[in-house]
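Here is the structure we will look at.
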2 protein chains.
Amino acid sequence: MNQDAILKSLIADNLVSDPSGARGRLLREAAGLFRDKGYERTTVRDLAAAVGIQSGSLFHHFRTKEEILKAVMVETIRLNTALMQSAVDAAESNADKLRALIRAELESINGQTGEAMAVLVFEWRSLSESSQEEVLKLRDIYEALWLEVLEALRTEDVLAADPFVVRRMLTGALSWTVTWFRPDGGLSLDDLTSQVMGMMGMKQFL
Amino acid sequence: MNQDAILKSLIADNLVSDPSGARGRLLREAAGLFRDKGYERTTVRDLAAAVGIQSGSLFHHFRTKEEILKAVMVETIRLNTALMQSAVDAAESNADKLRALIRAELESINGQTGEAMAVLVFEWRSLSESSQEEVLKLRDIYEALWLEVLEALRTEDVLAADPFVVRRMLTGALSWTVTWFRPDGGLSLDDLTSQVMGMMGMKQFL
DNA sequence: GAAGATACCAAGCAAGCGCTTGGTTTGTAA
DNA sequence: TTACAAACCAAGCGCTTGCTTGGTATCTTC
């Protein structure tokens, strides 16, 4: 199943909003504004203007401003979990699965969903505690995918460090690419993936 | 020169505020509040209350709220650059220097200056562009330290990936520890340093 | 002990914020 | 055509925000 098919199936199940619909368009614009200006500095008037309606009309679609932030995060995690799952399933060896996970995460951070992923990293504290818990549960599914692969590699002795620690280091390292990586800068996402594998001492799997 | 002596020398040169003085105390409290609540959600009334004065009185010490954020960042970079420099100077081999840098950065992120370092990472966008430029210049000095060591290791063929990319990955990975590492969790900073070295395939230098 | 700087308070202003309200337009289905 | 809901507008309320103002203690220096 390719990326487009996965997205369509999620839309059909009402798990993510259709980007061409009103709600989907707003979430897209919101992700962009939240990343560029930060959640707090983005006003409901900014959000409304971005989709061409009055600020009050926003509250017909969402009850609060925070609900918009939460929706951005939830839908992004849902989509990326599905993409990750399919990337892992398609790979054979554990080293290949790791490579696929790294590649997929880099794609999600620096590709189409990049703005929303940046929001997920940098605007976390703007979520209320109850919303944080909710989002955390979704993240756990996502994280389980990684740990399974990393633990297998540890068992194979390909990995010298603790899988939990490695995953957390990778989370930081890959998230951070959003602050410096530019696809037009002579380094492709595939190159970057190889660099990460190489940095991890997995030269033999480049 | 030990850490305390470095701090004192910076204070003497007026590059860092004395933590026992009024300005230093405010910056310390500000770093904590900015990390916990974010810069935008922290009001000048919060800041004033934290040091026991009226909100208006803040503006006797700083002209704007943003100036407080900038001061937190600038002084933190100054201190940590000095600490890094001394850590590198004390090490012999390049692998040892790398280890010292990693250990020092983990210390700065998870130790005394941890709150301020978290602010540096997560509140970057709240700085005006002109302030960002100013802070960036200070960061360059700091980064040059890392690159020198990483480039030497690349030449020695101990490192398989590009030094620039590695440094950026490490920046992300180490910064991210602030979100999950707890010194009381059975893993010490030394353990963590070893895990990072191990993850980089530098098993032989553990 | 006078003088001047430094540190602070009490009060409040102007602007911007999230969100509400009452009413109008647009879409949908019988 | 009618009936009803969904989508939207225009206006603005109540509150919080960063910051200012005019005045008063407190410290320092000769």
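The chains referred to below are lettered A, B, ... by the order of the sequence lines, with proteins before strands, and numbering in each begins at 1. On a predicted model such as this, the values are computed, not experimentally measured, just so you know.
- Considering only the side chain of B/V44, D/dC19 comes nearest among C/dC19, D/dT17, D/dC19.
- Rounded to whole Å, atom P of D/dA6 lies 7 Å from atom NE2 of A/H60.
- A salt bridge does not link A/E67 with A/R23: every distance from a Lys NZ or Arg NE/NH1/NH2 to an Asp or Glu carboxylate oxygen is 4.0 Å or more.
- Comparing A/T43 and A/R63 by the nucleotide of DNA chain C whose heavy atom lies nearest to each, the residue mapping closer to the 5' end is A/T43.
- Base contact: A/S55 has a heavy atom under 4.0 Å from a base atom.
- Here the P atom of nucleotide C/dC8 and the CZ atom of B/R25 are 8 Å apart, to the nearest Å.
- Atoms CG (A/L58) and P (C/dC19) sit 10 Å apart, rounded to a whole Å.
- One finds a side-chain N or O of B/H61 lying less than 4.0 angstrom from the OP1 or OP2 phosphate oxygen of C/dC8.
- Among the heavy atoms of the strands lying under 4.0 Å from B/S57 is at least one base atom, whether or not backbone atoms are also near.
- Across the interface with DNA chain D, nearest-nucleotide mapping of A/G52 and B/E66 shows A/G52 to be the residue nearer the 5′ end.
- The nearest whole Å value for the distance from the CG atom in A/D46 to the P atom in C/dG16 is 12 Å.
- No side-chain donor-acceptor contact under 3.5 Å links A/D191 and A/S194.
- Shown are B/L189, B/L174, B/L192; of these, the side chain to side chain contact (heavy atoms under 4.5 Å, CB included) with B/I102 is made only by B/L174.
- Nucleotide D/dA10 holds its C1' atom 15 Å from the CZ atom of A/F59, rounded to whole Å.
- When rounded to the nearest whole Å, the span between CZ of A/R41 and P of D/dG18 equals 11 Å.
- At whole-Å resolution of the value, CD in B/Q54 and P in D/dA25 are 15 Å apart.
- The separation between B/K65 atom NZ and D/dT20 atom C1' is 17 Å, rounded to whole Å.
- Here A/E133 does not pair with A/K137 in a salt bridge; the nearest charged N to carboxylate O distance is not below 4.0 Å.
- Under the 3.5 Å distance criterion, with hydrogens and angles disregarded, no donor-acceptor pair is assigned to the side chains of A/R25 and A/S17.
- Residue A/R45 places no side-chain atom within donor-acceptor reach of the base of C/dG16, judged by atom type and a 3.5 Å distance cut-off alone.
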